[in-house]
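Before any comments, here is the structure.
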Amino acid sequence: MKVNVIPKVIAFPQKGSPCTISDDWVIGAPAKLKKYAYYLQVEIKNILGLDLKLNNSRKEKTIKLKTNKRKFVLAHASNVSCQGQHIEILGRDEQGLFYGIQTLKQIFLTSNNVIPACNTFSLPGVKWRGMHLDVSRHFFPISYVKKVIDLMALFKLNRFHWHLTDDQGWRIESKKFPLLHEIGSRRDEEGYREAQYYTQEEIKELVAYAEERFIEVVPEIDMPGHTQSVLAAYPHLSCTGKPTEVWLDWGVSDEVLCLGKETTYEFVEELLDEIIPLFKSKYFHIGGDECPDTAWEKCEHCQKKLRELGLDKSRALQHQFTNFLGKILEKHDKILIGWDEITEGVLPENSAVMAWRGDAVKAAVNAMKQDKQVIFTPNNCYYLDWRQTDEEGEHGAFGVTGLKRVYQCNPYRLIGKSTNRFYKAQIVKSILGVQANLWTERIHNEKELEYMLFPRLLAIAEQAMWDFELNDFEEFENRVKIVCEKVLKHYDVNYCETIYTGIKQ
Ligand code: ACM
Ligand code: ZN
């Protein structure tokens, strides 16, 4: 008996016959779990084309939904058992129940509705099982972002990092600074001249949609670099104050916020005061990556501010700015997240680090030395804009990170190998989790986006759920093929069919 689900579930065979549901089955749930029964009803209609009624008193031919804290030790754990005329989904809590439903959806699809008598368990996984999406370089409408959220939920991911702003486009409405979305969201390029941004209503709608699927939306407003779209709208915020345009190139722009002028700090605080309350996550990402200091070196305001602060290097301006942002976030009771460049200065008290450069180990260790938590997202493993096979013409950029390389990435082992400064338990405690990052410079449409995500996102979901304790790539590869063929195809998701098992870059 094999149950083909990703992330892998623990599965035991049970006595009894397989079950096949038909339209005389019902869904049974107590009143407090009714909304999950309705959700499952819609999903079953979509998967099997069956209209199941709700009935909480039937015993036979029933899919029973339950929660019970006492049955499990670990939060969000779930148990799905199938046998003859009974299916039961038991969650430790509502999130566990929701995950049990995801398990069952995949079982329906991969077994063609002939479900072996089985008893399956799913684990809680690391706390942060994330996926990032850059909507600045190429924009994707809310209706499509919802599809991405549904796919994340199907594979039990729980953090959506929404990269909303960058040099090439500002994608969130601001009522206080409307030129941000009116000017900053279009660029002088065929097909990109119309404004493309999310209204505040759409943002709230997506946050609520994700919350129902146990996914926190963590927005990123990237500062002080990657801000050319801001400066196109409000040029007085740059060092020179000269007009500029939303950027038409990829890479790192020298157009950054001036950190010498008081007006920049006032602008940023007012803007964040407006944007932060649109989101519910405890975390807020302020970017902080790839910010050249060339403009600051030449700017009289920046140099004056440096002298006033008693600092010598221009780079120190960024570190005091990160701490200024930390104070704003603290006012809103949020934890600051920044890309790993922020570890080069003293980190704000309430902050976490997203380690991304190279194998991400150096930055992770730097953050741990400051007693901060780390989200592990090495660009040489978890950046899904990299090519996934070494075939001629393969879509993507940079090196090759095939499915096997992604599957083998293990932050505990990598950090443990590089330093003996920390015990394994300290490393495990410091790694909040992992994340797939999808930058969209070379992703023009939904089909390309899905091709880059799958199947590699499945490897990250698998390892995140199993705390990197897995080591059987061949078994995983077989399951991936089945899940791609039966699950992703059903949901009309594009994926890369070649599974590259080399680990070269
Ligand atoms: C990054 O890839 N610039 C965080
Ligand atoms: Zn300046």
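What you see is a predicted model; the values in this text were computed from it and never measured. Residue numbers count from 1 along this sequence. Counting convention: from 1, in listed order, for ligands and their atoms alike.
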So, applying salt bridge (charged side-chain N to carboxylate O under 4.0 Å, His left out) with Arg479, which one of Glu474, Glu485, Glu462 is it?
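Checked Glu474, Glu485, Glu462 against Arg479; only one passes salt bridge (charged side-chain N to carboxylate O under 4.0 Å, His left out): Glu462.
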Vertex the Zn ion (ligand 2), arms to Cys258 SG and Cys299 SG, rounded to 10°
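Rounding to the nearest 10 degrees gives 110°.
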Hey, what's the angle at the Zn ion (ligand 2) spanning SG (Cys239) and SG (Cys302), nearest 10 degrees?
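It rounds to 110°.
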Could you tell me whether any N, O or S atom belonging to His301 is less than 2.8 Å from the Zn ion (ligand 2)?
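No, outside the cut-off.
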Show which atoms of ligand 1 fall inside a sub-4.0 Å distance from at least one heavy-atom site of [X].
{"X": "Glu290", "result": "3 (N)"}
{"X": "Tyr383", "result": "1 (C), 2 (O), 4 (C)"}
{"X": "Trp439", "result": "1 (C), 2 (O), 4 (C)"}

More than 12 heavy atoms of other residues, nucleotides or ligands under 6.0 Å from CG of Asp472: yes or no?
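Above 12, so yes.
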For the pair Trp439 and His163, evaluate ring pair (Phe, Tyr, Trp, His ring centres under 6.0 Å) and give the outcome as yes or no after the intermediate values.
CA-CA 9 Å; Trp439 302 99; His163 185 80; 4.7 Å; yes
Within 45 degrees of the ring normal and closer than 6.0 Å to the centroid, is that where the cationic atom of Arg442 sits relative to Phe398?
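Geometry flag: set, cation within 6.0 Å and 45°.
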Which residue and non-hydrogen atom of the protein lie closest to atom 3 (N) of ligand 1, and at what distance in Å?
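Nearest neighbour among protein heavy atoms for atom 3 (N) of ligand 1, to 0.1 Å: Asp289 OD2, 2.7 Å.
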Check whether any side-chain heavy atom of Gln388 sits under 4.5 Å from a side-chain heavy atom of Val400, and report yes or no.
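The answer is no, as the side chains (C-beta and beyond) never meet within the 4.5 Å cut-off.
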Side-chain contact test, heavy atoms from C-beta onward, threshold under 4.5 Å: evaluate it for Glu450 versus Tyr495 and give yes or no.
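No, every pair of side-chain atoms sits at 4.5 Å or beyond.
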